[in-house]
Amino acid sequence: MTGTWPHLFREGAADTPVLLLLHGTGGAEHDLLPLVERLSPGSGYLAPRGPVQEHGMNRWFRRLREGVFDVDDVVRRAGELEEFIEWARDQYGITNRALVAVGFSNGANIALATALLHPRTLTEVVAFSGMYPLEGRAVDADLTGSSVALFNGKADAMAPFDSVVRLGSILESRGTEVSRNVREGGHGIHPTEVDGAAAWIASHTRKVSHD
């Protein structure tokens with residue numbers, strides 16, 4: 001059961017969102033905790049550990065090789081993350097709190113896949129160094145009401161910019177409000193991106209609640 005995934009939880013202030021923290025390849029549930037107070041001071045957080053192992057590294061889904069995802073597994077694991085979110089909402093009594101996924105790299109990609117495939121469960125995503133996670137698959141969900149902030153480096157070999165552009169176009173075509181933020185450089189989270197994400201979270205969670 002996904003509720004047994006190792007994870008960390010902090011309730012935070014009742015009037016704050018809960019940040020769903022999704023680490024990158026080789027990371028763990030503690031990795032993104034230092035960002036919480038910079039992104040949304042006092043907020044709650046829910047930080048699970050990726051359930052897939054690749055040469056001893058935690059991941060959210062399998063890949064066939066660098067940059068080539070096992071899309072069947074992406075779909076499966078997005079469903080598992082949806083189940084985990086719904087379990088945690090009930091377990092921790094946060095059904096009526098705004099939930100914002102904050103993912104880096106592989107964590108960004110599973111957040112994006114979950115938002116694309118399960119929009120009733122996840123409607124707000126901050127994706128650092130993410131790319132389109134469902135290559136070769138059509139997305140037919142109505143994403144009206146969803147909001148995604150993309151933060152990418154132009155020279156990111158691990159998240160090619162053409163995939164990022166396609167991601168934004170697909171999200172918008174299904175009704176998502178997309179904020180595109182592009183900087184020089186490659187893979188990673190730049191301090192200016194953290195500031196931009198904090199402003200985005202503040203502006204969106206004032207008007208968002210989970211029905």
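We number each residue from 1, following the sequence as shown. These numbers come from the heavy atoms of this one structure, side chains and all, not from hydrogens, waters or symmetry mates.
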Would you find a donor on one side and an acceptor on the other, under 3.5 Å apart, between the side chain of Glu37 and the backbone of Gly42? yes
Side-chain donor-acceptor pairs of residues 162-170 under 3.5 Å, sequence neighbours excluded:
| unit_1 | atom_1 | unit_2 | atom_2 | d |
| --- | --- | --- | --- | --- |
| Ser163 | OG | Tyr132 | N | 3.0 |
| Arg166 | NH2 | Glu135 | OE1 | 2.4 |
| Ser169 | OG | Val165 | O | 3.2 |

Is it possible for you to say whether Met57 and Leu32 belong to one hydrophobic cluster, with membership spreading through side-chain heavy-atom contacts below 4.5 Å? no
Nearest 0.5 angstrom please: Leu21 CG to Glu29 CD, how far? 11.0 Å
Determine, step by step, whether Glu124 and Thr205 satisfy the side-chain hydrogen bond (donor to acceptor under 3.5 Å, both in side chains) criterion, reporting the C-alpha distance in whole Å, the side-chain angles of both residues, the deciding distance to 0.1 Å, and the verdict. CA-CA 9 Å; Glu124 275 67 45; Thr205 55; over 6 Å; no
Using the rule that Ile, Leu, Val, Met, Phe, Trp and Tyr join whenever any side-chain heavy atoms are under 4.5 Å apart, tell me whether Leu117 and Val52 fall into a single cluster. no
Hey, could you give me the CD1/CG distance between Ile85 and Leu46, rounded to the nearest 0.5 Å? 8.0 Å
Are Leu81 and Val71 connected in a single hydrophobic cluster, I mean Ile/Leu/Val/Met/Phe/Trp/Tyr linked by side-chain heavy atoms less than 4.5 Å apart? yes
Contacts of type salt bridge (Lys or Arg N to Asp or Glu O under 4.0 Å), residue Arg180, not counting sequence neighbours: Glu172
Student check: side-chain heavy atoms of Leu35 and Ile189 closer than 4.5 Å: yes
Please name the pair of heavy atoms, one in Thr95 and one in Asp90, separated by the smallest distance, quoted to 0.1 Å. OG1-N, 4.4 Å
Any side-chain to backbone donor/acceptor pair from His204 onto Trp200? Under 3.5 Å, distance only. yes
Could you state the interatomic distance from CZ (Arg38) to CG (Asp195), rounded to the nearest 0.5 Å? 7.0 Å
Please check if the side chain of Asn152 supplies one atom and the backbone of Val182 the other of a donor-acceptor pair under 3.5 Å. no
Going by salt bridge (Lys or Arg N to Asp or Glu O under 4.0 Å), name the residues that satisfy it together with Arg183, two or more places apart in sequence or in a different chain. Glu193
Look at the rings of His23 and Trp60 and say which category their plane angle falls in: under 30° parallel, 30 to 60° tilted, over 60° perpendicular. tilted
Measure across Asp140 and Arg174 and return the closest heavy-atom pair with its distance rounded to 0.1 Å. O-NH2, 2.9 Å
Give me each pair satisfying ring-ring contact (aromatic ring centres under 6.0 Å, His included) with a member in residues 144-176, each pair once, sequence neighbours excluded. Phe128-Phe151
Cluster check Leu112, Met158: I/L/V/M/F/W/Y, side chain < 4.5 angstrom: no
Ring-face cation of Arg59 near Phe61 (centre distance under 6.0 Å, axis angle within 45°): yes
Donor-acceptor pair between Thr16 and Arg97 side chains, under 3.5 angstrom: yes
Contact check, side chains of Arg89 and Ile94, non-hydrogen atoms, under 4.5 Å: yes
Mutual orientation of the aromatic rings belonging to Trp5 and Phe84 [parallel < 30°, tilted 30-60°, perpendicular > 60°]: parallel
List for me each residue that meets side-chain hydrogen bond (donor to acceptor under 3.5 Å, both in side chains) alongside Asp31, sequence neighbours excluded, and say none if there are none. none
Validation row: Arg137, Val74 side chains within 4.5 angstrom (heavy atoms): no
First locate atom CZ of Arg76, then atom CZ of Arg62, and finally report the distance between them rounded to the nearest 0.5 Å. 6.5 Å
Min side-chain heavy-atom separation Arg10-Val36 under 4.5 Å: yes
Thr176: which residues meet the side-chain contact (heavy atoms from CB on, under 4.5 Å) condition with it, sequence neighbours left out? Leu143, Ser146, Val148, Leu171, Val178
With a 4.5 Å heavy-atom cut-off, do Glu82 and Leu122 have their side chains touching? no
Rounded to the nearest 0.5 Å, the CD1 atom of Ile110 sits from the CZ atom of Arg77 at a distance of 9.0 Å
Give a yes or no answer on whether the side chain of Asn58 reaches the backbone of Gly26 with a donor-acceptor pair at less than 3.5 Å. no
Quick check: closest heavy atoms across Phe69 and Asn109, and the distance to 0.1 Å? CZ-ND2, 3.5 Å
Sidechain-backbone polar pair: Arg49 side chain, His7 backbone, donor-acceptor under 3.5 Å: no
